[in-house]
Amino acid sequence: MKRFGVGVIAALMTLLLGSQAAFAGNPHFVTADASRSGNTLSVAFKEAGLGNEAQVHVVLSATALCVNNGGKHPKAVNKESVQAAGDFPVQNGKAEGTLSVTATFQPECSPPMTVQFTDVSLVDETSGARANIPGTF
């Protein structure tokens with residue numbers, strides 16, 4: 001009889017702990033597409049697996065470089081970290097949105113020099129999901 005009671009308690013604990021994981025969801029970025037227009041970088045994203053969250057707080061981070069025609073980054077001062085953040089509503093366990101950052105340099109990054117963005121990443125500070133976007137934009 002004692003073994004039966006221990007078995008029932010173990011089964012109930014397994015069921016309880018397993019059901020909590022099922023309600024938690026599996027937050028992840030389904031898409032994260034970056035594009036550049038002039039000195040502005042925009043990232044459109046879709047995140048899924050959010051469960052019952054009302055909204056998520058997403059942060060876009062990148063490094064902006066002022067690069068010359070030869071593809072060289074001439075001065076250390078022509079580099080800056082840029083960041084933007086926003087709150088996005090969750091519907092049916094999904095959130096979609098776009099975040100943009102604009103690089104400003106002193107002195108300006110003017111032609112023939114151009115702005116490039118590297119080390120682009122999205123972080124959902126609500127769920128902990130992360131998306132690193134490879135490449136230079």
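Side-chain contact of Ser61 with Gln83: a donor-acceptor pair under 3.5 Å is present, judged by distance alone. A side-chain donor-acceptor contact under 3.5 Å links Thr40 and Thr102.
Residues Leu122 and Phe29 have side chains in contact (heavy-atom distance under 4.5 Å, counting atoms from C-beta outward). You'll find the side chain of Asn92 stays beyond 4.5 Å of the side chain of Leu50, heavy atoms only. With a 4.5 Å cut-off on side-chain heavy atoms, Ser121 and Arg130 count as touching. Within the 4.5 Å cutoff, no side-chain heavy atoms of Val67 are placed close to those of Met113.
Gln116 contributes atom CD, which lies 13.0 Å from atom NZ of Lys79 (distance to the nearest 0.5 angstrom). Here Ser35 contributes atom OG and Leu41 contributes atom CG; the two are 7.0 Å apart, rounded to the nearest 0.5 Å.
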Dump the intermediate steps for side chain to side chain contact (heavy atoms under 4.5 Å, CB included) on Glu80 and Thr104, then the final yes or no.
-> CA-CA 8 Å; Glu80 69 176 15; Thr104 55; 4.2 Å; yes

Starting from the C-alpha separation in whole Å, work towards a yes-or-no answer on side-chain hydrogen bond (donor to acceptor under 3.5 Å, both in side chains) for Glu47 and Thr31.
-> CA-CA 7 Å; Glu47 186 179 6; Thr31 59; over 6 Å; no

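For the residue pair Leu99 and Val58, the shortest heavy atom distance occurs at CD1-O, 3.5 Å. Between Val115 and Phe105, the shortest heavy-atom distance links the atoms CG2-CE1, 3.8 Å. For Val120 against Ala62, the heavy-atom pair with the smallest separation is CG2-CB, 4.0 Å. Minimum heavy-atom separation, Ser100 to Ala84: O-CB, 3.4 Å. In terms of heavy atoms, Pro134 sits closest to Asn132 at CD-O, 3.4 Å. The minimum heavy-atom distance linking Val43 with Ala34 is given by the pair CG2-CB, 3.9 Å.
Each of Ile133 and Val59 belongs to its own hydrophobic cluster when Ile, Leu, Val, Met, Phe, Trp and Tyr are linked at side-chain heavy-atom distances under 4.5 angstrom.
Tested against Phe117 for a side chain to side chain contact (heavy atoms under 4.5 Å, CB included), the candidates Thr63, Val101, Asn39 yield a single pass: Val101.
Heavy atoms from other residues, nucleotides or ligands lying under 6.0 Å from CD of Glu108 number 12 at most.
Of the possible polar contacts, one joining the Thr126 side chain to the His57 backbone as a donor-acceptor pair under 3.5 Å is found.
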